[in-house]
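Naming convention: chains lettered A, B, ... in sequence-line order (proteins, then strands); numbering from 1 in each chain. These numbers were taken from a predicted model, which means no experiment stands behind them.
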Amino acid sequence: MEEQYMNYTPQDFKSDQEVRWCPGCGDHAILNAVVKALPEVSKQLKYNLERYVFVSGIGCSSRFPYYVNTFGFHGIHGRASAISTGVKVANPTLSVWQITGDGDALAIGGNHFIHAIRRNIDINILLFNNQIYGLTKGQYSPTSPLGAITKTSPYGTVEHPFRPGELVIGAQGKFFARSLDVDVKLTAEIMVEAAKHDGTSVVEILQNCVIFNDGAHDYIADRENRDDRVIILRHGEKMVFGKNRDKGLILSGLSLKVVTIGQGGFTLDDILVHDAYNPNPGVHMMLANMEYPDYPVALGIIRNVKDSTYDDNVRDQVLEVMKNAKIKSVDDLLNSGDTWEV
Amino acid sequence: MDKQKNVQELDEVVVRFSGDSGDGMQLTGTLFADASALFGNDVSTFPDYPSEIRAPQGTIGGVSGFQVHFGSRKMNTPGDYCDVLVAMNPAALKANDKWVKKGGIIIADVDQFNEKGYQRAGYKTFDAITELNLQDFKVIFAPITNLTKESLKDSGLDNKSIIRSKNMFALGMVYYIFDRPLSFTEKFFEKKFAKKPEVIEANKKVLHDGYNYAANIQAIPNTYKVKEATTLPKGKYRNINGNTATAWGLIAAAEKAGLPLFCGSYPITPATEILIELAKRKDLGVKTLQAEDEIAGICTAIGASFAGNFAVTTTSGPGLSLKSEALGLAVMTELPLVVVDVQRGGPSTGLPTKTEQSDLMQALWGRNGEASIVVIAASTPSNCFDYAFMAGKIAMEHMTPVMLLTDGYIANGSEPWKIPNMKDYPEIKPPIIHEGTEGYQPYARDEERLARGWAFPGKKGISHRLGGLEKDFIKGTVSHDPLNHQRMVDIRAAKVKHVQYFIPEQQVIGDPEGDLLVIGWGGTYGHLYDAVSEMRANGKKVSLCHFNYINPLPKNTPDIFGRFKKRVVCELNMGQFVNHLRMNFQEFSYLQYNKVQGLPFTVAELVDRFNQILEGK
């Protein structure tokens with residue numbers, strides 16, 4: 001009984017609710033990755049099922065908590081980071097997962113998102129990025145590319161998009177990873193690491209909206225081209241990619257540069273080794289910002305740095321003050337300071 | 001010291017300290033109030049300050065005031081008009097002379113009444129007495145600044161610190177006039193400046209020199225004695241202001257419930273002191289989260305409530321506007337939550353440091369959908385403790401958000417408070433669901449309160465999902481069923497209405513029937529009480545019905561209303577509570593007395609109005 005956490009299967013984490021996303025929606029794959037990751041997280045961190053809380057805001061992705069058989073809270077638009085923060089501070093032993101989308105986290109909830117990251121509260125934020133507003137049927141989002149034609153931008157958007165990784169690192173984020181909805185294995189693998197990271201973990205999942213923005217990520221999601229257009233980063237490994245594993249990244253001046261191994265005098269020795277644990281955000285920022293066609297799109301864990309967390313600091317400070325406190329009860333409090341008898 | 005001066009005995013006195021916002025008038029007033037309370041008087045205070053931290057020096061806009069009413073009987077208000085006004089500069093005099101009783105004493109720092117001082121305060125002449133028509137007052141022009149400089153010339157303090165001490169000179173003068181012991185204030189210096197002995201000595205010296213100066217000048221012919229209050233119940237007392245009492249009441253509710261207190265808040269005048277006080281109380285395990293905005297304040301609290309803490313958020317009107325959507329989420333998820341709204345003048349940024357009661361309709365109705373919540377209001381600085389406690393008790397036992405309304409006047413005002421004992425407060429027993437409860441249904445309710453159970457994450461076998469979408473009546477899963485929605489709207493309203501079976505009956509102060517029933521709510525209690533008492537002393541058949549429970553209203557309310565010929569509802573807004581009463585008890589007609597000047601009522605204006613009503617005007 002005590003070792004329940006050893007024996008979960010994905011099935012244990014699926015709720016009895018009918019999943020109502022559109023057929024073909026990328027969210028289905030992400031749900032599969034999550035229920036696949038959770039038994040592994042449980043095993044590694046010794047978490048029983050009741051320790052998990054899934055919190056969301058509003059949007060297609062935010063229906064997620066109904067579909068996992070854990071504690072769940074479907075909040076209001078943009079506020080999931082604030083709600084998760086409250087859950088975690090109230091009970092730091094819980095494993096808190098926030099499900100959010102590009103509109104929920106980066107538009108209406110931008111403020112809460114950056115402040116959760118700045119505080120480094122130990123929650124895992126899964127950011128489903130489909131570059132469109134799905135639930136309201138097809139308006140542009142803060143990650144839609146400049147010029148995107150949508151229902152509210154019939155002549156193309158005239159605003160610059162956010163790059164979630166840049167925002168996360170800019171807000172002093174300590175953990176940022178990126179995955180693709182169709183790569184369930186990689187997504188699940190990243191989620192286990194996100195759960196193990198003590199502090200705010202942001203996982204951007206490039207997700208396809210089959211109805212309103214179909215194919216937005218096809219240029220890298222298609223099996224055909226994927227290996228040439230993405231690089232999967234792993235800590236301590238060379239930054240090599242390509243179908244033939246013959247391309248790599250080097251530092252040229254102050255920028256990253258793609259080179260072909262064996263051409264122009266470059267050998268494997270010249271290729272950068274990924275250091276996700278480096279506190280300096282410089283290279284992480286460049287990796288997070290790489291865009292096709294100039295660069296491969298970086299997947300995997302880009303940044304994974306240890307630092308103190310908000311929830312630990314709150315708990316430690318309270319315990320420390322309580323240890324030396326003269327006031328131990330409300331009666332003590334009421335009788336503290338200047339008093340007099342009548 | 002000249003002991004030949006006459007000593008007059010008085011039952012009560014009002015002193016108003018006023019000066020530039022950098023002159024330390026709030027501290028001076030607080031020290032005088034504390035000294036009077038420790039001496040044994042009953043005390044009521046009223047800080048009246050501008051929203052600018054340092055408005056341009058010497059201007060009317062920068063005048064900060066602190067009024068203290070002390071006496072040998074129970075003090076219910078800080079007093080309409082003062083017996084003594086301390087004016088540290090021409091602007092303070094010009095802004096406050098209207099608050100001095102005819103024949104009252106005005107102590108002014110003559111050193112500030114120079115060309116520059118007059119001009120900055122917008123005088124037309126260089127003669128304040130004539131320009132302000134102060135011939136009937138005893139105006140004492142004392143060289144406070146220069147005497148303070150003289151007093152401290154050998155203190156070793158820099159010039160700026162010396163000039164900053166002039167408020168203590170003025171305080172010394174007032175202590176002399178009212179025969180107050182200096183020891184309480186000296187102790188304060190010793191504690192506050194424990195690491196700076198030279199500052200302790202300097203402050204003591206200035207205080208004594210001010211005291212002696214007042215004793216020596218002929219301009220002060222009398223001193224006054226205000227005896228200890230003997231009508232107060234025996235016991236141990238302390239001073240308390242409304243914001244501290246609110247903070248402590250919330251902690252008390254958490255302690256009774258056996259749950260940690262979580263406060264998610266964003267600083268806002270005049271509510272910030274609640275967050276500040278709670279942040280100090282880590283010794284009692286209180287967790288405070290200074291959120292990135294008002295919305296995060298309430299949303300972190302909702303998250304904490306879901307996770308099993310007693311969660312609160314504190315704010316004022318503009319912040320409450322921002323919290324509206326999340327408050328609806330708390331209604332839908334039926335989680336305990338206390339929202340404290342320390343009301344201030346509105347709309348918009350309005351009058352941040354001034355009092356008003358104009359958030360009542362927002363508290364009752366300011367949400368989308370049918371979203372009834374419990375609304376209660378504290379009515380004195382010290383009973384903020386009781387109503388904060390009750391807000392917590394109702395929120396946790398009935399599984400509902402509760403709005404606690406206070407206002408800038410009672411939040412900042414202070415009074416002596418007979419220290420209660422926590423064993424005299426009722427138990428708080430939230431409907432917490434135990435681990436592994438068989439057949440747990442998130443929205444199953446108890447019959448008595450109609451409250452659903454509170455199931456904390458982390459407990460085995462009771463995992464469930466809450467959210468803002470409409471819930472199935474039992475299972476709590478998402479439901480768009482039309483009849484289910486009707487049923488849920490009905491039961492949420494009934495749950496709030498049911499609270500009326502758990503709150504005390506409404507009381508009447510005075511006879512249970514008569515010619516006029518004065519009706520009020522919240523922070524206007526002291527003024528209404530004194531006005532009604534004064535009229536009753538004159539034989540008028542007037543009673544007071546003052547409400548703390550606003551929604552739901554106490555069951556016996558119509559029985560009370562029916563026993564009076566007329567009813568007048570008095571409030572510091574344009575008629576929000578009266579319309580709430582009109583909705584609930586349409587069978588009665590109501591007169592109104594409303595004021596929105598950022599100030600409390602005066603007893604005098606209330607008595608005038610009530611007399612007019614009795615005379616049929």
Please state whether the side chain, the backbone, both or neither of [X] comes within less than 4.5 Å of a heavy atom of chain B.
| X | result |
| --- | --- |
| A:Val314 | side chain |
| A:Val96 | neither |
| A:Ser62 | neither |
| A:Tyr310 | side chain |
| A:Val318 | both |
| A:Leu94 | side chain |
| A:Ser329 | both |

Pair B:Cys299-A:Thr85, side-chain contact (heavy atoms from CB on, under 4.5 Å): steps then yes or no: CA-CA 9 Å; B:Cys299 286; A:Thr85 297; over 6 Å; no
Among A:Asp331, A:Asn91, A:Thr93, residue most engaged with chain B (heavy-atom pairs, under 4.5 Å): A:Asp331
Choice from A:Lys88, A:His74, A:Arg118 maximising heavy atom contacts with chain B below 4.5 Å: A:His74
Ring geometry between B:Tyr237 and A:Trp340 (parallel below 30°, tilted from 30 to 60°, perpendicular above 60°): parallel
Residue part contacting chain A, namely of [X], when any heavy atom lies under 4.5 Å:
| X | value |
| --- | --- |
| B:Ala254 | neither |
| B:Leu232 | both |
| B:Ala37 | both |
| B:Thr333 | side chain |
| B:Ala296 | both |
| B:Pro420 | both |
| B:Phe456 | backbone |

Check whether any side-chain N or O of [X] sits under 3.5 Å from a backbone N or O of [Y] as a donor-acceptor pair, and report yes or no.
| X | Y | value |
| --- | --- | --- |
| B:Glu292 | A:His115 | no |
| B:Arg465 | A:Thr70 | yes |
| B:Arg238 | A:Leu334 | yes |
| B:Lys287 | A:Ala90 | yes |

Side chains of B:Ile302 and A:Arg79 in contact at under 4.5 Å (non-hydrogen atoms): no
Under 3.5 Å side-chain donor-acceptor pair for A:Asn111 and B:Asp293: yes
Exercise: identify the closest heavy-atom pair between A:Ala325 and B:Asp283: CB-CB, 3.4 Å
Nearest non-hydrogen partners of B:Leu38 and A:Thr339, listed with the distance: CD2-O, 4.1 Å
Test side-chain contact (heavy atoms from CB on, under 4.5 Å) applied to B:Asn239 and A:Asp338, step by step: CA-CA 8 Å; B:Asn239 260 342; A:Asp338 289 332; over 6 Å; no
Ion pair check, B:Lys418 and A:Glu341, cut-off under 4.0 Å: no
Under-4.0 Å salt bridge between A:Glu50 and B:Lys460: yes
State whether the number of non-hydrogen atoms from other residues, nucleotides or ligands found under 6.0 Å of [X] atom [atom1] is greater than 12.
| X | atom1 | result |
| --- | --- | --- |
| A:Tyr133 | OH | yes |
| A:Lys328 | NZ | yes |
| B:Asn368 | CG | no |

Between B:Val286, B:Ile462, B:Thr244, B:Asp34, the one whose heavy-atom pairs under 4.5 Å with chain A are most numerous: B:Ile462
